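Step one of this worksheet: look at the structure below.
Keep in mind that this is a model prediction, so the values were computed, not measured. So that the names make sense, note that chain A is the first sequence line, chain B the second, and so on, each numbered from 1.
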Amino acid sequence: MNRSLSITTKHGLLKTPFFMPIATQGAVKSLTVADLKRLGATIVLSNTYHLYLRPGEKLLNSAKGLHGFMKWDGPILTDSGGYQVFSLGAKNNNGLVKLTDDGVEFKDHLRGGKHFFTPERALEIQSAIGSDIRMVLDICSEYPCTEEKAREDMERTLAWAERSIEYKKKNDGDYLLFAIVQGGMHQSLREECARRLVEMPFDGYAIGGVSVGEPWEEARKVLDWVVPLLPENKPRYLMGVGKPEQMQEAYRKGIDMFDCVIPTREARHAKLYTTDGTTYGEINILNEKYSTDFSVINPNSKLEELQTYTKAYLRHLFIVKEPLALRLATLHNLETYLTLFSSNSS
RNA sequence: GCAUGGAUGGCGGAGUGGUCAAACGCACCAGACUGUAAAUCUGGCGGCUUUAUGCCUACGGGGGUUCGAGUCCCUCUCCAUGCA
């Protein structure tokens, strides 16, 4: 079953399934927009919290949004900052984040200043960014999480989803709004959350609260509980997952959209994700055995640099800390990730 | 030739009588990373042993003092600086 949907956005038509390279701060680290086009990226993901801190809404407004600023003319999806509540706060329990029913108070990680995000505020900032697909502010339960805490997070996520819908109705609504299913690793919560969200008129539904440290088996179960409850005709987005095989499995289970920091972050850490078109592998290019491996980085690449430069050369660039290493590795991993579904969807 | 100060692991550099196979860097080897506080973090890094609170060899060479020396003494070699 080759599930495929079309998603219409202000900046073009998207065809699922697809992977979204992550441009948290308005750039896919080490790449240009032209690189992204060459790689065949159709959409990028950016981040409300980070862009709110820098460059800030005011500048984004005068730059004609993130599209105008970074010169990407395709669709942009923005995460709401919900994940930063988790990664800056809940995950470390460092007092940077305080949750209430109304919203979340942050101490930002740069200057320590206080900020208050509500679901409405998160959408307001996303409007300054001008993203095509906007995520509701949610609460990502940590792993592991008691049922009691997961329910509290879920109830807030649901209430915030409702408020987000209201906000969209009252304001310029020329964008797609996605809800996020939470509920930890608890089947009843996940199912309840999905059912209640589906009753609200969202343009798409994401599954959040996975890839937070749980074994893949757990995430797989969440997919099995939630996906059947989501509407067939609306896009389903699995947030933050994952390894190539995990994404393909999730696609088979009915997921349409993916994002993950793995290809870009790990590229900068010298891990290369390889494929021969059917199977996937990982190599640490820093390993000594590549010091004399003069085979090219990827003979099947559509990028000239990847079928020219050798592995031994790339390893050398990493060792001497040449910035070109980060760029080549990032190009390589994204190419692998962006061709993940090219055989399934035709 | 005299005087003074040095000589420590691949390199730099701690250490002045025991808890030193030797801090900390660097280099090297390996691992981690899943809605990016991440060009980051973790581990290893004399030899042997599967492991170890294990054994062996080690702080320029040789000799000595001491229960015990990288640390104290004598001597040799080399290096640096100063004076002849």
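Side chain of A/R134 to backbone of A/L77: no donor-acceptor contact under 3.5 angstrom is found. Using a distance-only test at 3.5 Å, with no hydrogens or angles considered, a donor-acceptor pair links the side chain of A/T16 to the main chain of A/L5.
When base pairs are accepted only as Watson-Crick or G-U wobble with both N-N or N-O distances under 3.5 Å, RNA chain B takes part in stems of 3 or more pairs at B:1-7 with B:77-83, B:10-12 with B:24-26, B:28-32 with B:40-44, B:46-48 with B:54-56, B:60-64 with B:72-76.
Looking only at side-chain heavy atoms (C-beta outward), A/T264 and A/N333 stay at 4.5 Å or farther from each other. Residues A/L314 and A/Y309 form no side-chain contact, since every pair of their non-hydrogen atoms from C-beta on lies 4.5 Å or further apart.
For the atom pair A/R190 CZ and A/K221 NZ, the distance stands at 12.0 Å (nearest 0.5 Å). We find the NZ-CD1 distance between A/K253 and A/I207 to be 11.0 Å, quoted to the nearest 0.5 Å.
At B/A37, one or more side-chain N or O atoms of A/Q84 fall inside 4.0 Å of OP1 or OP2 (strictly under the cut-off). Contact annotation: A/T24 reaches the phosphate of B/U36 (side-chain N/O to OP1 or OP2, under 4.0 Å). Within the structure, a side-chain polar atom (N or O) of A/S87 is placed less than 4.0 Å from OP1 or OP2 of B/A37. A close approach under 4.0 Å does occur between a side-chain nitrogen or oxygen of A/R265 and OP1 or OP2 of B/U34.
Looking at A/K37 and A/D73, a side-chain N of the basic residue comes within less than 4.0 Å of a carboxylate O on the acidic one, giving a salt bridge.
Atom CG in A/L340 sits about 14 Å away from atom C1' in B/U34, given to the nearest Å.
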Run the numbers on A/E192 and A/R151 for side-chain contact (heavy atoms from CB on, under 4.5 Å), then give the verdict. CA-CA 10 Å; A/E192 178 180 343; A/R151 172 167 283 284; 2.9 Å; yes
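Atom P of B/C45 sits at a distance of 33 Å from the matching atom of B/G35, rounded to the whole Å. Taking the C1' atoms as reference points, B/U75 lies 16 Å from B/A7, given to the whole Å. Spacing of P atoms, B/U8 relative to B/G70, comes out at 15 Å, to the nearest Å. On the P atoms, B/C11 is 15 Å away from B/C59, given to the nearest whole Å. Rounded to whole Å, the P atom of B/A22 lies 25 Å from the corresponding atom of B/G6. For the C1' atom pair drawn from B/G54 and B/A14, the interatomic distance equals 28 Å after rounding to whole Å. Look at the P atom in both B/G62 and B/U51: the space between them is 32 Å, to the nearest Å. Comparing B/C26 with B/U81, their C1' atoms sit 28 Å apart, to the nearest whole Å.
Relative orientation of the A/Y205 and A/F202 rings is perpendicular, given thresholds of 30° and 60° on the angle between their planes. Classification of the A/F117-A/Y49 ring pair by plane angle, with boundaries at 30° and 60°, yields perpendicular.
Distance from the side chain of A/L45 is smallest for B/G35 among the nucleotides B/A38, B/G35, B/A37.
For A/N47 against B/G35, no side-chain N or O and base N or O form a donor-acceptor pair under 3.5 Å.
Ring-centre distance between A/Y337 and A/F19: below the 6.0 Å cut-off.
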Look for any protein N or O under 3.5 Å of an N or O in nucleotides 42-47 of chain B and output each such pair with its distance, or none.
none

Can you give one letter per nucleotide of nucleotides 24-32 of chain B, 5' to 3': B if a protein heavy atom sits under 4.0 Å from the base, S if only from the sugar-phosphate, - if neither? ----SSSSB
